[in-house]
Amino acid sequence: MTPPTAPEPTVSVPKAPVPKAPVPTSVPLPAGRPRWTVDTPSGDDFEAWRELYREYAQFYRLPMPDEQSALVWAWIRDATHELEALLVRDTGGTPVGLAHYRPFARPLHGAVGGYLDDLFVPPAARGGGAVDVLLARLRAIAAERG
């Protein structure tokens, strides 16, 4: 049996499920760059989210059957499921990136950590700060949850 590898760096989050209420964040960037908005996906975001998720899977050369993306979307939309998501939007409100995250138990620390499962911004939207605002929102969520 191979010993487990060191865990990824984590942040603490509460064990109790937190309702999946919208968590909007706007972050202004330096002059000449767009302003990104980060929030939780709404029911109307399925098609845009699915396209981003398919591109993410393609990057890893993994198939993304409709049934699988529908299941992950159902998890995201279910307030009782541990998986949560954020979308980063451009100034027109179009999703241009995603993050999937969840709490996990850290028994040796007697704490709950936050795990970032997926982080994706397609090449066309990279370099403008979209991923930075996603990560900033995740840090804010970790701080809010302790």
Side-chain angles (χ1 to χ4, degrees), residues 1-13 15 17-27 29-30 32-109 111-145:
M1 182 167 162
T2 306
T5 58
E8 294 292 319
T10 59
V11 293
S12 294
V13 294
K15 284 186 178 183
V18 176
K20 294 183 183 179
V23 286
T25 300
S26 289
V27 179
L29 296 176
R33 293 177 123 182
R35 179 180 210 164
W36 305 103
T37 303
V38 177
D39 61 12
T40 56
S42 72
D44 295 336
D45 290 320
F46 176 69
E47 293 300 326
W49 168 87
R50 182 172 61 179
E51 183 56 33
L52 288 167
Y53 200 45
R54 281 183 179 162
E55 288 182 54
Y56 175 69
Q58 286 172 353
F59 176 82
Y60 288 104
R61 298 183 179 162
L62 295 172
M64 184 51 59
D66 288 342
E67 299 81 19
Q68 187 172 337
S69 59
L71 176 62
V72 174
W73 181 253
W75 290 344
I76 290 168
R77 301 290 298 149
D78 180 354
T80 65
H81 196 278
E82 67 182 353
L83 185 65
E84 296 183 64
L86 295 172
L87 292 175
V88 60
R89 300 171 192 276
D90 63 17
T91 55
T94 302
V96 297
L98 61 79
H100 297 149
Y101 62 101
R102 60 191 160 88
F104 73 99
R106 300 183 68 210
L108 285 175
H109 299 282
V112 176
Y115 188 81
L116 178 59
D117 284 285
D118 308 311
L119 179 65
F120 180 71
V121 173
R126 292 179 189 166
V131 75
D132 298 322
V133 295
L134 274 170
L135 292 171
R137 183 60 194 136
L138 287 165
R139 282 191 297 274
I141 289 168
E144 290 165 9
R145 295 181 183 182

Is a donor on one side and an acceptor on the other found under 3.5 Å between the side chain of [X] and the backbone of [Y]?
X      : Y      : result
Arg137 : Leu87  : no
Trp36  : Gly128 : yes
Arg35  : Thr91  : no

* Result of checking Thr37, Thr94, Asp39 against Arg89 for side-chain hydrogen bond (donor to acceptor under 3.5 Å, both in side chains) ->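 Running side-chain hydrogen bond (donor to acceptor under 3.5 Å, both in side chains) over Thr37, Thr94, Asp39 with Arg89 returns exactly one hit, Asp39.
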* Go through the side-chain N and O atoms of His100 and Asp118 and say whether any donor and acceptor fall under 3.5 Å apart. =>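 Judged by distance alone, the side chains do pair up.
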* Would you tell me whether Asp66 and Ser69 have side-chain atoms, one donor and one acceptor, within less than 3.5 Å of each other? => no
* To do: Evaluate the side chain to side chain contact (heavy atoms under 4.5 Å, CB included) criterion for residues Phe120 and Glu55: first the C-alpha distance (whole Å), next the side-chain angles of each, then the deciding distance (0.1 Å), finally the verdict.
  => CA-CA 9 Å; Phe120 180 71; Glu55 288 182 54; 3.6 Å; yes
* Trace of the side chain to side chain contact (heavy atoms under 4.5 Å, CB included) decision for Leu138 with Val38 -> CA-CA 10 Å; Leu138 287 165; Val38 177; over 6 Å; no
Where do [X] and [Y] come nearest, in terms of heavy atoms and distance?
X      : Y      : answer
Leu52  : Gly97  : CD1-N, 3.6 Å
Val72  : Trp49  : CG1-CZ2, 3.7 Å
Val121 : Val96  : CG1-O, 3.6 Å
Tyr101 : Ile141 : OH-CD1, 3.4 Å
Ala130 : Ala125 : CB-O, 4.2 Å
Gln68  : Pro63  : OE1-O, 4.3 Å

* To do: Kindly indicate, with the supporting measurements, whether the criterion side chain to side chain contact (heavy atoms under 4.5 Å, CB included) is fulfilled by Arg50 and Arg54.
  => CA-CA 6 Å; Arg50 182 172 61 179; Arg54 281 183 179 162; 3.6 Å; yes
Distance from [X] atom [atom1] to [Y] atom [atom2], nearest 0.5 Å?
X      : Y      : atom1 : atom2 : value
Ile76  : Arg102 : CD1   : CZ    : 12.5 Å
Leu98  : Asp117 : CG    : CG    : 11.0 Å
Arg106 : Tyr115 : CZ    : OH    : 13.0 Å

* **Under the salt bridge (Lys or Arg N to Asp or Glu O under 4.0 Å) test, residues paired with Glu67 that sit two or more places apart** => none
* So with a 6.0 Å cut-off around CG of Leu108, is the heavy-atom count from everything else above 12? -> no
* Can you label the angle between the Tyr56 ring and the Tyr53 ring as parallel, tilted or perpendicular, going by 30° and 60°? => parallel
